Amino acid sequence: MNGSDTSGGQRGGLRFFGRMTANLSHEFNNIITIIGEVAGLLDDLLLLAEKGRPLNTEKLKSLSDNVKRQVERGKAVVKHMNFLGHSIDDRSREVDLGVLVENVTNLSKRIAERKGVALAAEPAVEPVVVNCDPFGVMQAVFLCVDAALGAGAVGVPIKIGVRRVEAGAEIAVESAAFEPFGSAEAKLEDAGHLAAQMRAEFASQNEGEKRVAKITFQA
Amino acid sequence: MEALRVLIVDDEEELVATLVERLEIRGHSPVGVLSGAEALKRAEAEEFDVVVLDIKMPGEDGVEVMKRLKRLRAGLPIILLTGHMSEETSDRGIQAGATEYVIKPVNIDDLVEKLRSAVAASPRRGGAAG
């Protein structure tokens, strides 16, 4: 932790971690529930088969496909959970911002969906690798998303993009719901260890009709 | 054994489809929908004995959906389906008139038992609950 760390910042980090893990546990529970119900349905069909109703192979195939889909869904959750877990390993390391944004987007998607908001990461054209604190940056991106969700009307989409800029690189979180920026800026106070520059940049961006929160990285 | 008309509301399509099939195998008449808005439409168009409602669905407050269902069909028993039952959710659910809770993963025998109890206790069937 550096000199700007505060207990508030630590609590903010824990709050972020808690929200992400609670969200992931909800997703896991849904996966487990579906697999459990499919297994239950297979038991039901076997009981019926014992009583003389023939097993429908198409039906069995469809249930097997359903379980495979849930396994793939579970693998994706594990991947994002793993990325989140290892994001606190180093205070600073080389990170591909496109990969980081993809992970935050997937971790936050259900939280946004519950508010009727579509959250999407714009595919990165090329890897944008910077040295940064991955946990702090994930938290900052989520706080931008959370600020848009808190400020926004239901259904206003949020887009997250990563691009190289002259000074280095930036993550841009775009939502028509960002207004006033002050509310979003206040949320970033939660992340006490984030750079003051990041907060200032976040508060000052408003590209015409587009409302964008930016997290910048100097080359 | 009486066949119950059950409305199942959850945004997880594959869960709804499987629950519908398992209740059908047990002799009931379930209908599955994927949102509160669809549930309100179905409940307006036809009679159900009981509703199983996911409390957390995208863009919708399950408790609010429950209140609207209750306004539409007074005395309709509603069983909340939830992943994690917090005290806050529980209190809100009870205050809004939930009859019962089922926590995911679902045990089908428990669910059927709760469906029967909820319907038996419903004022529509001469019970006391509402």
Side-chain angles (χ1 to χ4, degrees), chain A residues 18-19 21-51 53 55-56 59-60 62-74 108-119 149 152-157, chain B residues 6 8-28 30 32 34-38 40 52-65 79-89 92 101-113 115:
Chain A
R19 285 190 73 182
T21 50
N23 187 43
L24 289 168
S25 74
H26 189 93
E27 184 74 356
F28 261 130
N29 202 40
N30 281 336
I31 293 167
I32 290 166
T33 300
I34 293 171
I35 291 175
E37 282 309 301
V38 171
L41 180 53
L42 283 168
D43 286 342
D44 291 347
L45 295 175
L46 285 170
L47 272 175
L48 290 173
E50 284 170 9
K51 290 177 184 168
R53 185 170 118 174
L55 278 172
N56 177 337
K59 179 71 196 171
L60 294 180
S62 139
L63 292 175
S64 161
D65 287 345
N66 190 344
V67 171
K68 285 177 193 161
R69 277 195 297 278
Q70 300 312 317
V71 169
E72 287 307 310
R73 189 176 164 191
S108 318
K109 200 168 252 178
R110 192 174 169 89
I111 294 172
E113 282 173 352
R114 283 223 306 272
K115 297 204 171 189
V117 171
L119 174 64
L149 292 174
V154 168
V156 178
Chain B
V6 187
I8 302 171
V9 194
D10 195 302
D11 63 301
E12 291 281 351
E13 189 173 359
E14 286 164 327
L15 174 61
V16 169
T18 315
L19 280 176
V20 163
E21 199 162 350
R22 297 195 76 195
L23 288 175
E24 280 172 349
I25 287 171
R26 283 158 179 79
H28 300 292
L34 303 178
S35 71
E38 281 183 79
L40 287 161
V52 178
L53 173 68
D54 181 14
I55 203 161
K56 284 188 174 176
M57 289 181 290
E60 294 176 315
D61 178 342
V63 171
E64 192 51 44
V65 172
I79 295 176
L80 295 180
L81 192 56
T82 179
H84 307 282
M85 183 53 73
S86 71
E87 248 176 60
E88 185 194 3
T89 311
R92 280 188 72 212
Y101 303 98
V102 172
I103 296 178
K104 297 177 187 176
V106 180
N107 177 309
I108 194 74
D109 295 328
D110 283 352
L111 176 62
V112 170
E113 186 54 42
L115 291 173

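Keep in mind the model is a prediction, meaning the values are calculated, not measured. So that the names make sense, note that chain A is the first sequence line, chain B the second, and so on, each numbered from 1.
In this structure, the side chains of A/Leu45 and B/Ile25 come closer than 4.5 Å at one or more pairs of heavy atoms. The side-chain heavy atoms of A/Asp44 and B/Arg26, taken from C-beta on, include a pair separated by under 4.5 Å.
Of all heavy-atom pairs spanning B/Pro105 and A/Thr33, the tightest one is CA-OG1, 3.4 Å.
Most heavy-atom pairs under 4.5 Å with chain B, from the set A/Gly40, A/Gly36, A/Gly116, A/Ser25: that is A/Gly40.
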Quick one, B/Asp11 with A/Arg114, criterion salt bridge (charged side-chain N to carboxylate O under 4.0 Å, His left out). Give me CA distance, side-chain angles, the key distance, then yes/no. CA-CA 10 Å; B/Asp11 63 301; A/Arg114 283 223 306 272; over 6 Å; no

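Put simply, CG on B/Leu15 and CD on A/Glu37 are 6.0 Å apart, with the number rounded to the nearest 0.5 Å. The structure places CG of B/Asp10 at 7.0 Å from CG of A/Asn30, a figure rounded to the nearest 0.5 Å. Rounded to the nearest 0.5 Å, atoms NZ (B/Lys104) and CD1 (A/Ile31) are 11.5 Å apart.
Shown here is B/Glu24, whose CD atom has more than 12 heavy atoms of other residues, nucleotides or ligands within 6.0 Å.
In this structure, chain B has a heavy atom under 4.5 Å from the side chain of A/Lys59, while its backbone stays farther away. When heavy atoms are compared at a cutoff of 4.5 Å, A/Leu48 approaches chain B solely by way of its side chain, counted from C-beta outward.
For a heavy-atom cut-off of 4.5 Å, chain B lies close to A/Asn66, A/Arg69, A/Gln70, A/Arg73 in residues 65-74 of chain A.
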